[in-house]
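What follows is a single structure, written as structure tokens, with notes after it.
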Amino acid sequence: MKDRAVLVIGGGVAGMQAAFDLAEAGIKVCLVERTLSIGGRMAQLDKTFPTNDCAICILAPKMMDCYRHENIEVLTLSEVTAIEGEIGSFKVKIRRKPRFVDEAKCNGCGDCARVCPMGILNKFDMDLRVRSGAYIPFMQAVPLIYALDRDKCMRCGLCEAVCGKDAIRYDQKPEIVERNVSAIIVAIGFDPLDPSGLTEYGYGRYDNVITALEFERLICAAGPTGGHVIRKDGKEVKRIAWIQCVGARDTRDNRPYCCSVCCMHATKEAILTKEHYPEAATFVLYTDLRCFGKGFQEYVNRAEDDYEVKYIRGKPGEIREKENKNLEIFYSPSSDRVEKLEVDMVVLSTALIPSEGVEALAEILGTELDKYKFFKLKDSYNPTETTRAGIFVAGYCQAPRDIPECIAHGSATASRAMEVVLGGSYDRRA
Amino acid sequence: MEKISDIINRTKAFYCVDCGKCTSACPLSRFGDYSPDGLVERALLGLPVQPDLRIWSCLTCNRCKEVCTYGVEYPEFIRGIRSLEEKEKGVCAHGELYSLMKLFTFTHEREQKRLNWVSEDLKVSNKGDILYFTGCLPYFDIVFRDLGVDTVEIARSTVKILNKLGISPVVMNNEVCCGHDLFWNGDLETFKKLAAINIQNIKDTGAKKVIFSCPEGYRTFKLDYPEFFDFDFEVVHISEFLSEKIEEGKIELRKIDEKVTYHDSCRLGRHLGVYDAPRRVISEIAKEFVEMESNRENSLCCGTSGWTNCDGFSEEIRKERLKECTDAGAKIMVTSCPKCLIHFKCHMSNRKGEYDIEIVPFEVLVARAMGVV
């Protein structure tokens, strides 16, 4: 008997779309997410390009649609640890890490967070904000169930004392659950590269060199600074520069690929800066502007014409910090002279790399990765099939792509998984 | 003989996208009319790169290669261009030394007096496992004495350090120039002759390990000789050797109070990736070790290499580097390369009283701390 269910690994925008499409077709889905909330990287963004739509405003309804769907079971804080079987009948073991909160009882009131005396950097905010030891990663988190950070917990008992639902469970243990599915969709997304290894730009050494995702949290109204782009010394920015392809298109560390989204991403961030601070000067230092998508070139034109974003061709070779913590960028605009640009903040458009743990997951799944650790396709005419039958791949973890493409890819994997569940096409092919 | 297209292919120059990153990192471009990717682009467009005196300006310091994200081997590209048959001769800061280097290849002419510096208090051998490849210090010493440079001190300190560790290193009277400067200035033929002589002479001593104090010689033996010749002796820089001995707890060092910084030479640093070993040793000696603004792979060059162009731009680079040293508050700048030493001392000797810095060779610092000099 075939199991009329599909496992989706990764609750980002690609995984959610795949899960939702399958669920709408009447297929049971188990959506496994490693963090506390579904939503993925898109939830961290302030706006999306090239329309400047509010990211969370588009995403939150999708997150709710997924979570509330009768055919979707969302398992957060969970990771796949083993699979057995083959296409049509996989048996999956999933490790559910304890939340230390009874999921059925917690109503998300946040009383525990308010009394918890702990202060811990919030990873969702790129460590730019302190959260409590009892927490949700962001306001719109789905599910709205708090969790305790027991690694650092002092076990003072305050959260337990104030919880009106008696939902605190200090002694919760991890559990292994099993699900039987016909097909598996992998959509584990990307991580931004930590650019501190690229010492020429001084990230980690200079106060006001930050990454694009950090900037995204700063410019976000719900972010750590309430949308104010301020430096470590508290000053608001007046001159800000983006440096493109930081760690991407870089053979030094086997990352020669283009990350596909950063030209537009930086353009968006520059436009948002001008919207917040019309007097600010914004510069984008690029190698090639890759405006290949629908509306992309117009977006850049608009940035230049309406927002006076200055695009400069030239990849900087060095940044130096001045005494006032301003930054001097050295670049060569036409390869015959070196110019200096002084700004008060530098944003690095860092490479986006396959998520941490991708190798372990690929091994569990028995699928191959390519030389950059993206999931390898069976062949290029099946852009959703991994090297193992019945396991499909969606989104950035297969190759660099932007949000709409990730969503389309998610839908594509859903339809391929449907074939397995409903049509049994794998029998005919074998 | 290579053609320019061969050089482009070999050095992956065709990957250059003219992004200007190398130019903006290049110490020379910062002060002079020079651009690494500009030159590469000329070559790619089929425009003549020879005769162009600018190819002789390149410091081959590897900064461009270090920052290039497309894998262009720019210093090797320059070396290739300098080796082309049809070439304009570069302006050499010390032409007489080139003649000397070439003379070394005529071994039958006259026996050298290479070991004049070996005084009676130094214990050395003719045969043995460990050999100290002295390099050209004894020859150059007399040329640069008037700058207040004592390069023989480096050789003597090295031997004293080794003696203290119970080693009487082999030193060779028939050692010749390693050929580094000729190699980087495009004279491959003479380079190969010198290499063959050195390798044969070292093999004759039975040495298993060759220790270098000169980063240029070390680079040449480690990366360039193996391209043309086979040999099985191990090569190691004195800083690496000492760093290991420190780990083993075999060296006692006196601490000094002055703030110390370290200048990465291009050959030992970016060319060979040896950043930690000298720092490991210096940190044992200096109570306070500080880094300059640019350090390790981002280090500013000393301004000249291979005795090619030394001009106002080179002086600007030195000035900048010494300013970094002053800004870091260091009183002592340790160098691993005798040429860096010469170049900084030369700059300072023409600007008496401007700098409150002492440039100390790595080996001398260690020998002093070991109490052997």
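- With a 4.5 angstrom heavy-atom cutoff, B/Cys22 does not touch chain A via any of its atoms.
- With contacts defined as side-chain heavy-atom distances shorter than 4.5 Å, the pair A/Arg313/B/Asp18 qualifies.
- Counting heavy-atom neighbours within 6.0 Å of A/Asp305 CG, excluding the residue itself, gives a total above 12.
- More than 12 heavy atoms of other residues, nucleotides or ligands lie within 6.0 Å of OH in B/Tyr275, so this atom counts as buried by the packing criterion.
- Here the OG1-NZ distance, from B/Thr69 to A/Lys315, works out to 3.5 Å after rounding to the nearest 0.5 Å.
- Contacts from residues 290-303 of chain A to chain B, taken as heavy-atom pairs separated by less than 4.5 Å, involve no residues at all.
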- Stepwise side chain to side chain contact (heavy atoms under 4.5 Å, CB included) check, A/Arg337 with B/Arg30: CA-CA 8 Å; A/Arg337 62 182 192 280; B/Arg30 197 73 57 90; over 6 Å; no
- Item | salt bridge (Lys or Arg N to Asp or Glu O under 4.0 Å) between B/Glu293 and A/Arg205, intermediate numbers included | CA-CA 11 Å; B/Glu293 170 73 22; A/Arg205 204 163 33 139; 5.6 Å; no
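- Note that CG of B/Asn298 is 10.5 Å distant from OH of A/Tyr201, once rounded to the nearest 0.5 Å.
- Close approach to chain B, defined as a heavy atom under 4.5 Å from one of its heavy atoms, is seen in A/Arg249, A/Asp250, A/Thr251, A/Arg252 of residues 246-266 of chain A, taken by number.
- Proximity of B/Lys21 to A/Glu200: side-chain heavy atoms (C-beta onward) are separated by under 4.5 Å at one or more points.
- Looking at heavy atoms from C-beta onward, A/Glu339 lies out of side-chain contact with B/Ser24 at the 4.5 angstrom threshold.
- In this structure, A/Thr287 and B/Tyr70 have side chains that are in contact, with non-hydrogen atoms separated by less than 4.5 Å.
- When all heavy atoms of B/Ala25 and A/Gly317 are compared, the closest pair comes out as CB-O, 3.8 Å.
- For the pair A/Thr199/B/Arg296, no side-chain contact is recorded, criterion being any heavy-atom separation below 4.5 Å from C-beta on.
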